[in-house]
Amino acid sequence: MADDIAAPGPPLAVAMRGIVKRFPGVVANDGVDFDLRVGEVHALLGENGAGKSTLMNVLGGLYRPDAGEVAVFGERVDFHSPRDAIAAGLGMVHQHFALVPTQTVTENVLIGLDRPRFRIDLARFDDEIADLARRHGLALDPRARIWQLSVGEQQRVEILKFLYRGARVLILDEPTAVLAPQEADDLFRTLRSMVADGASVVFISHKLAEVSRIADRVTVMRRGRVTAAGIPSAGTTPEGLALLMVGREVLETIERTPFRPGPVVLSVRAVEATGDRGVPALRGVSLDIRSGEILGVAGVAGNGQSELAQIVTGLRPTTAGSVTVNGDDVTNRPPREVIRRHVAHVPEDRTGVGSAPDLSIADNLIMKSYHDAPIARRWAIDTGAVRRFAIGLKERFDIAAPSVDIDARLLSGGNLQRLILAREITSDPSLMVAVQPTRGLDVGAIATVHRLLLAQRESGSATLLISEDLDEVLGLSDRVAVMYEGRIVGIFDAVEADVAAIGLLMTGGSAPSLAEPGSPAELVS
Ligand SMILES: Nc1ncnc2c1ncn2[C@@H]1O[C@H](COP(=O)(O)OP(=O)(O)OP(=O)(O)O)[C@@H](O)[C@H]1O
Ligand SMILES: [Mg+2]
């Protein structure tokens with residue numbers, strides 16, 4: 001094996017041979033070989049839980065493999081920590097970022113480096129970092145604080161950290177899952193410029209269409225093993241890749257039953273709210289959603305969609321206007337009170353708002369039902385019922401984990417999303433607020449979530465669906481609202497929606513076919 005790693009031929013940035021990584025109850029990597037050539041973008045694909053993040057965590061020095069060996073630029077390496085990997089020229093941007101929210105971009109880039117800690121000295125680095133960002137097409141203000149940044153911008157900070165450290169291999173774990181299409185295009189330009197400079201990139205993604213676009217080669221994993229190694233992406237199709245990932249055809253056709261709207265469940269009236277950066281995020285938003293209806297919100301990230309979900313779920317105060325659920329005024333009521341009115345929420349932020357990473361899967365699953373039978377018995381919690389309930393959900397929603405007693409933070413990205421969906425959907429909501437519900441899910445799981453959301457609609461829930469995937473919005477929704485700069489600039493019946501007109505509205509254009517986009521008569525069905 002050792003000669004294999006030092007094999008002559010074109011130099012490899014990374015060679016991994018026979019990697020085995022076991023966790024209690026699961027073999028996450030079962031003898032995996034992986035090659036990364038210098039100057040290529042290599043996509044790593046596979047279903048949720050296939051072992052992609054684990055393999056890259058081994059490469060990034062986070063995990064030590066139980067067996068196998070790794071070489072970087074022809075040298076055997078044995079990393080004991082991410083610090084070792086960084087020293088060898090590797091940088092890894094995780095599914096969940098590791099930035100310090102209260103510090104600036106510059107401070108975060110300099111973290112862990114031997115640099116002065118005084119503000120006065122830091123100012124000098126601002127220019128240097130702004131310059132580096134500009135050279136690689138990363139639009140960023142070095143003085144902005146992390147909490148003020150969008151997810152896309154935070155990701156740029158992570159990339160910048162490694163560029164600053166001179167990383168030659170960049171590992172990106174589902175970077176586009178959190179990006180709007182435009183942001184993804186910007187990222188691809190940055191990656192191309194890095195690769196042209198001789199860097200090498202591992203790119204994990206569930207978006208098969210973009211894989212053929214950005215990657216030179218593709219490796220596919222299934223259940224801890226490689227099922228296709230380094231095939232050129234030029235000849236692949238999304239269907240072919242899906243087949244390699246799942247081992248069967250996964251073509252999705254969304255079938256909706258006719259629209260039978262009931263009474264109004266959610267009513268938002270002339271709502272205004274301020275965003276994290278202190279500027280108006282919602283500027284007079286009004287909409288109604290009826291029982292049995294899915295209202296999809298289309299828009300480019302950062303135009304008020306997240307804030308809309310937050311004011312409905314009690315996570316952000318409104319400065320004007322009102323929100324009612326089934327006629328009850330919930331304007332500026334705390335989340336607990338909103339939840340009590342049977343409002344379910346699949347939030348954008350899965351680890352902060354959506355789950356408690358340090359609690360078990362079972363505890364996370366019962367979070368919203370612990371006060372109801374069969375879990376609550378008078379004043380006590382029936383632990384047997386908790387386990388049965390959790391195991392039932394784990395099976396129904398196909399959450400891959402050795403048991404319901406392990407901490408939620410040990411779940412793969414897609415399986416954590418399944419956990420949140422399982423909990424929220426089974427809470428039998430009157431209103432479902434679903435923000436990017438299929439982000440990070442594999443093709444098979446996306447189809448399952450779509451079926452579940454449609455089943456909710458069938459059973460009479462009202463659904464506010466916020467998604468950056470326009471196909472998803474159009475496929476699932478009864479009506480589509482387009483948001484731009486904190487306003488709803490148009491509402492359409494999904495069946496007769498004109499994609500081109502929606503695209504235009506999303507980017508601030510006007511749709512000539514609409515007499516008066518966003519007039520109150522249209523907004524309120
Ligand atoms: N630290 C850990 N402890 C226990 N089990 C783990 C740990 N990390 C990962 N696993 C398990 O190993 C398997 C592979 O997980 P991994 O995160 O590598 O999957 P993935 O391919 O990245 O999936 P996704 O697309 O959902 O992100 C899963 O069953 C997961 O639950
Ligand atoms: Mg992963």
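Residue indices begin at 1 and follow the sequence shown. Both counts, for ligands and for their atoms, begin at 1 and track the order of listing.
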Can you name the atoms of ligand 1, numbered from 1 with element, that are less than 4.0 Å from a heavy atom of [X]?
X: G414; value: 24 (P), 26 (O), 27 (O)
X: E47; value: 21 (O)
X: H206; value: 25 (O)
X: S412; value: 15 (O), 16 (P), 17 (O), 19 (O), 23 (O), 24 (P), 26 (O), 27 (O)
X: S53; value: 17 (O), 18 (O), 20 (P), 22 (O)

If you measure from each heavy atom of [X] to ligand 1, is any distance below 4.0 Å?
X: G51; answer: yes
X: M221; answer: no
X: R409; answer: no
X: Q417; answer: no

What is the nearest protein non-hydrogen atom to [atom], stated with its residue, atom name and distance?
atom: atom 29 (O) of ligand 1; answer: V26 CG2, 3.9 Å
atom: atom 14 (C) of ligand 1; answer: G49 O, 3.4 Å
atom: atom 9 (C) of ligand 1; answer: F23 CE1, 3.5 Å

Got a donor-acceptor contact below 3.5 angstrom from the [X] side chain to the [Y] backbone?
X: D186; Y: G137; answer: no
X: H42; Y: D35; answer: yes
X: S306; Y: G302; answer: no

Ion pair check, [X] and [Y], cut-off under 4.0 Å:
X: R387; Y: D405; result: yes
X: R222; Y: D30; result: no
X: R213; Y: D185; result: yes
X: D469; Y: R439; result: no

Q.
Counting only heavy atoms, tell me which of A50, G46, A28 gets closest to atom 12 (O) of ligand 1.
A.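 Going through A50, G46, A28 one by one, A28 has the nearest heavy atom to atom 12 (O) of ligand 1.
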Q. Nearest to atom 24 (P) of ligand 1 by heavy atom, N48, L410, T54: which?
A.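 It is N48 whose heavy atom sits nearest to atom 24 (P) of ligand 1.
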Q. Does any N, O or S atom of S412, backbone or side chain, fall under 2.8 Å from the Mg ion (ligand 2)?
A.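 Looking at S412, which is the residue asked about, there is no N, O or S atom under 2.8 Å from the Mg ion (ligand 2).
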Q. Regarding N48 and S412, is there a side-chain donor-to-acceptor distance under 3.5 Å anywhere?
A.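 The criterion, which ignores hydrogens and geometry beyond distance, is not satisfied for S412 and N48.
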(Q) Just checking R83: does its CZ atom have more than 12 heavy atoms from other residues, nucleotides or ligands closer to it than 6.0 angstrom? (A)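 Atom CZ in R83 is not packed in, count stays at 12 or less.
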Q.
Which label fits Y63 and F23: parallel for a plane angle under 30°, tilted from 30 to 60°, or perpendicular past 60°?
A.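 Y63 vs F23 ring planes: perpendicular.
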